[in-house]
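What follows is a structure written as structure tokens; I'll ask about it next.
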Amino acid sequence: MPRFRSLPLLLVCLLLVGLSGFSAYRIGQRLGIADLRATGLHRLDLYAASLEREIGKYAFLPGTLNLEPAVLDLLAGQGGDAAGGRVNAYLEKLNERAGTLSIYVLDASGKVAAASNWRRPDSFVGEDLSFRPYFREAIETGTGRFFGIGTTRGEPGYYLASALTGESGTLGVAVIKVSLEQLEKSWSTVEAPVLVADENGVVILSAVAGWKFTTLRPLDEATRAAFDHTQQYNRRALQPLGVRPLGDIDYGVRLVHIAASGPETISVYPVTGRFLEQSRTLPGTPWTLTVLSHLEQVDNLAQSRAALAAIAAACLCLLGIILNERRRHLRDRLAAREALQQAHDDLERKVEERTADLSAANRQLQDEIGERIRAERTLRAAQDELVQAGKLAVIGQLSTGIAHELNQPLAALRTLSANAERFLERGDVDTTRTNLGRIADLVDRMGRITGQLRNFARKSSGQSAPVALCHAVDNALDLLDARLRRASAEVARSCPVDEPVALCDANRLEQVLVNLIGNALDAMAGQPRPRIDLAWECADGRVRLHVRDHGPGLSAEAQAHLFEPFFTTKPAGDGLGLGLTISAGIVRDFGGSLHGANHPDGGAVFTLELPLAPTP
Ligand code: ADP
């Protein structure tokens, strides 16, 4: 079900449906009325013809009495006493043959001279009917027509009168009264109510029994007085039928409404409601024949057509709405696709912009990295300078130490050499040899001091190369082989399956190892079975070598000043306190570190950590 997006569209649809229904109703009604009109006209002609035929049958009859000599004699007063009886019998027979209600003859004064019903106690004979309009009309014009209700028996009928003339002029009037009941009865079976109203608008014939002797229009007082005089309707009530005009359509054709408030009627067709009224005057009479066609069927048909038209319009609207919704849906989809395309284009543009930005940032980064590298180089150079400067500062410190360290042996040398000279002069060769031996020891010691100073002063080549660490350890142990043997030391070592390789200077690394192992041997001096454990550990791209001895371990003071230059606990001449300082500097040059600590199970552990060389 399409969703209504706009109220105006819904309102337009509703208006369209309403208009379609209304127009179809009006058109249907108009067509239906046109149909009814054609049928009504046909009926009107038919009923008029049948009425004319019915009346025409008897039109000539009153005139024929002018041919009857007995009648004329009676009116002329020439037939004697028996004349009345003969005419009565004649009229009785004629009435019987003609099938009329009654036939009677009035003399010139309007008195009934003879009548067909002369035998009956309520016979007209002798009655004065000069007040009846048909009498006066016949006297004046030769013929008279009149519809009325009989004054004696109250029987409605149509009176046809004809003046009877003799040689002396008008002798009287012959009257026949015919019943139109038969005609009325035949009308009661027709499909639409039909009625005949006289010149006063009083219904004198009707297919609907209850409508008879009702009035189509209001009667004024003068007319009612005239009715009393002529006794035309024998003082009947003459109630209004309750016809209310709804609108004229054409001459003699209009829409009317007959109210249910009229006289109660029993009929085969509806007798109240809206009707199409078609009237025409009947030639030769002042009467009006009216056919009333009920509009119920027309209304029903028009309503059906209206409903159909409204449904069709609703279907069309629905179709229109569906098509519109579909069109809108397609438009939305198109818009969404365009928006998507737009978003895509935007995204692509942004990606391009970002890529350009990134490229620029990348270039900038590269520039910055270049800058950093240059800065680092500059820094390194500066650092190198600083290191050198630091070393110079240390040399300054050293000078004092050296002065102190060398002055003592130099003074001793001076004394010993002077003594040696004196002992030589005296010929004391043994003492001189002893002195010279001590001099040689002092020179050795001084040589060691200067040798270590040379090491300290030597600048790193800065050229690193992959060094197999186990191999470097082997070399260091080879260098210390004599000392190890002397001390009967045991070195526990193993090498990992993948021999660790670090980027460094092999000679200087061996120098560090010699220093660490040498310190370990020093710490265990005097022990019967000194033992050194060398253990490897590789993790996170770094390799660690733990050099553990089983000596006394590091004192608190030693831990605090371990890597400070000239810190030593060894007796003067054995240690300069430069070994660990130099070693730590070398290891730092390799990008590594050196730590000293006490092992939980005793002894000191020095850990040398170096970055592993990247595997090719
Ligand atoms: P030196 O060996 O000339 O004294 P070092 O810098 O090599 O200079 O050592 C400084 C001091 O650190 C040593 O004098 C010693 O007190 C202490 N030390 C170094 N190694 C050990 C060790 N393995 N066990 C105990 N003490 C040590």
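Just so you know, ligand 1 is whichever comes first in the structure, and atom 1 is the first atom listed for that ligand.
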Those atoms of ligand 1 less than 4.0 Å from some heavy atom in L562: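 This gives 12 (O) as the contact atoms.
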Check ion pair R37-D250 (N to O, under 4.0 angstrom):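 A salt bridge links R37 with D250.
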I want to confirm something. Looking only at heavy atoms, which of L580, N598, I582 is nearest to atom 5 (P) of ligand 1?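 Nearest option to atom 5 (P) of ligand 1, by heavy atoms: L580.
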Which is closest to atom 27 (C) of ligand 1 in terms of heavy atoms, L554, T581, T568, V605?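 Comparing heavy atoms across L554, T581, T568, V605, the nearest one to atom 27 (C) of ligand 1 lies in L554.
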A student checking ligand 1 against G553 at a 4.0 Å heavy-atom cut-off should list atoms 25 (C)
Pair D481 + R485, salt bridge at N-O below 4.0 Å: yes
May I ask you to check whether over 12 heavy atoms, not counting those of D367, lie within 6.0 Å of atom CG?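 Yes, CG of D367 has more than 12 neighbouring heavy atoms, counting only those of other groups under 6.0 Å.
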Within 6.0 angstrom of R326 CZ, more than 12 heavy atoms from elsewhere: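 12 or below, so no.
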My understanding is that we take every heavy atom of each candidate and find the minimum distance to atom 7 (O) of ligand 1. Doing that for I532, T569, L516, N519, which one comes out nearest?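 Nearest heavy atom to atom 7 (O) of ligand 1 lies in N519.
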Consider every N or O of G577 and every N or O of ligand 1, then say whether any pair is closer than 3.5 Å.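 Yes, G577 has an N/O under 3.5 Å of an N/O on ligand 1.
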R30 and D35: salt bridge (Lys or Arg N to Asp or Glu O under 4.0 Å), yes or no, with the steps? CA-CA 9 Å; R30 211 163 278 180; D35 270 359; over 6 Å; no
Counting from 1, what ligand 1 atoms have a heavy atom of F567 closer than 4.0 Å? 10 (C), 11 (C)
What's the verdict on salt bridge (Lys or Arg N to Asp or Glu O under 4.0 Å) for D428 and R422, showing C-alpha distance, side-chain angles and the deciding distance? CA-CA 9 Å; D428 190 351; R422 269 196 301 275; over 6 Å; no
Atoms in ligand 1 flagged as close to A523, the criterion being non-hydrogen separation under 4.0 Å: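 Listed by number with element, the hits are 22 (C), 23 (N), 24 (N), 25 (C).
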